[in-house]
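First the structure, in the form of structure tokens, and then the observations on it.
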Amino acid sequence: MLNIIELEKQWMRYKIKSYLPHFTILMSLLIITLVSFLFLDTKQQRVPVPEQNTSLPAVKKVLPLAKAKTQVKTQEKPKEKQLKLQPSLNFEYALQNTQYSPQKVVKKEKTRVKEVPKKAPKILVKESVKIHIQKKDAKQDFQKIIQRFQNSNDPHLSLFIAKKFYEQKNYQEAYNYALATNKIDNKIDESWIVFCKALVHLGKKKFAIKVLKDYIHASQSTAASILLSDIQSGKFR
Amino acid sequence: MKILFLLLLGLSLHASVKQKMFHLYQQKNFAAVCNKGLQAFSKNMHDEEFLSMYAFSCLYADYVDRLAVPITIMKHSQEARANAAYFSVILMQKKLLFHALLDNYDLTNLKLPTTDYILSKVFDLYLKLGQHTPKKYYILQDPDDKKLTYKLSIQKGDKVIIEEFYNKHSVKRHTYW
């Protein structure tokens with residue numbers, strides 16, 4: 001008869017012996033990794049923490065480090081630039097150059113509906129082409145405005161023309177149209193300002209100051225007094 | 001035939017409103033443009049040129065609350081989206097300034113984008129004050145121009161007043177409510 005119990009015990013010992021090398025290797029690996037992690041952690045912790053039993057000079061050594069850290073923080077602050085949003089005023093040019101015939105309005109609405117689902121780069125190309133055409137129209141419109149002023153003698157038109165010439169740095173024409181505006185209506189602040197600014201650019205600073213003083217005396221305009229102080233201080237040249 | 005006539009009439013009316021508004025806009029009569037735009041808003045709300053002109057006029061006339069509706073609609077082009085973001089910042093700054101001035105809400109650690117609009121300038125200068133005891137009014141100096149100062153105050157408990165001073169002379173007064 002076979003002794004089954006004894007056989008089972010032998011089989012168990014055999015199994016344990018066969019698994020033992022694997023187990024020992026695994027355990028040793030685990031221990032090594034754990035020990036290495038602990039060792040690294042202690043190394044990292046030791047660097048920033050100053051020892052408690054240190055004398056005064058040692059504390060002094062630590063202080064410059066702290067100072068350096070605060071300096072870095074304070075230097076970082078000015079680098080943070082505040083985001084500044086800019087408005088887009090292209091609609092002004094577009095409106096200036098559109099003549100409101102019903103057909104054109106219909107066309108515009110159609111193109112706008114098409115623009116929405118299309119990809120952004122395509123729209124950009126279309127817009128740039130439009131701007132090019134508008135520039136040509138702007139010149140024609142400006143000539144039309146001059147003609148309209150010659151027919152109607154409207155001071156608002158002449159003021160607009162004076163401003164446009166001033167923007168284009170055509171100071172002689174800006175002076176002429178501002179003068180024409182003042183002759184038609186001498187109570188428009190902006191016209192006097194353009195007139196005097198053009199005078200300064202034409203090298204007649206003293207005359208501009210005299211005109212501004214007279215105008216301020218008559219109207220007590222704050223905008224004119226600001227311009228006067230700017231001219232006198234040399235801020236406006 | 002009648003339908004076509006009515007359609008043409010409608011379109012010409014639309015154009016004439018826009019034309020009138022632009023004429024007023026060129027004359028810098030921004031309050032009038034804003035009011036006209038408000039009346040004609042529902043008929044022109046899909047026209048982005050109209051929306052931009054209406055919104056900028058309301059902004060220049062200090063009717064900042066009227067920007068809320070254009071902000072939500074302006075989204076179909078790059079320009080419209082840029083302007084919508086610009087208006088949103090101003091509207092938010094106005095609301096925060098109200099909250100801070102009327103309820104002493106602390107804005108010290110707030111970082112927002114800014115704009116070239118007067119309200120944004122004053123908002124930024126107010127933030128720079130940091131934590132402080134509330135005052136009846138604040139005199140804030142422009143960092144770029146020493147002659148330029150702003151007086152920020154509350155009127156009747158529901159209006160915020162910003163007054164621009166140049167060389168101690170009052171130049172312009174903005175009222176927000």
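Naming: A, B, ... by sequence-line order, numbering from 1 per chain.
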*With a 4.5 angstrom heavy-atom cut-off, could you sort out which part of B:S170 is near chain A: side chain, backbone, both or neither?*
backbone

*Using the benzene-type ring in the case of Trp, are the ring centres of B:Y150 and B:F165 under 6.0 Å apart?*
no

*Pick from B:K172, B:H169, B:K75, B:Q27: which one has the most heavy-atom pairs with chain A under 4.5 Å?*
B:Q27

_Looking at B:L59, is its backbone amide N or carbonyl O close enough to the side chain of B:Y117 to form a donor-acceptor pair, meaning the two atoms are under 3.5 Å apart?_
yes

*asked:* Counting the benzene-type ring for Trp, do A:H201 and A:Y175 have ring centres under 6.0 Å apart?
replied: no

*Do any of residues 176-195 of chain A come closer than 4.5 Å to chain B, heavy atom to heavy atom, and if so which ones, in number order?*
A:E190

*Report yes if the distance between the aromatic ring centroids of B:Y126 and B:H132 is under 6.0 Å, otherwise no.*
yes

*Name the region of A:L89, side chain, backbone, both or neither, that has any atom closer than 4.5 Å to a heavy atom of chain B.*
both

*Find out whether the Lys NZ or Arg CZ of B:K147 is both under 6.0 angstrom from the six-membered ring centre of B:Y166 and within 45° of the ring's axis.*
no

*So which part of B:D116 gets closer than 4.5 Å to some heavy atom of chain A, the side chain, the backbone, both or neither?*
both

*asked:* Applying disulfide bond (SG atoms under 2.5 Å apart), can you list everything that pairs with B:C58, at least two apart in sequence or on another chain?
replied: B:C34

*So which part of B:L112 gets closer than 4.5 Å to some heavy atom of chain A, the side chain, the backbone, both or neither?*
backbone

*asked:* Distance check, rounded to the nearest 0.5 Å: B:K94 atom NZ versus B:L67 atom CG?
replied: 9.0 Å

*Can we call the ring centroids of B:F87 and B:F56 under 6.0 Å apart?*
yes

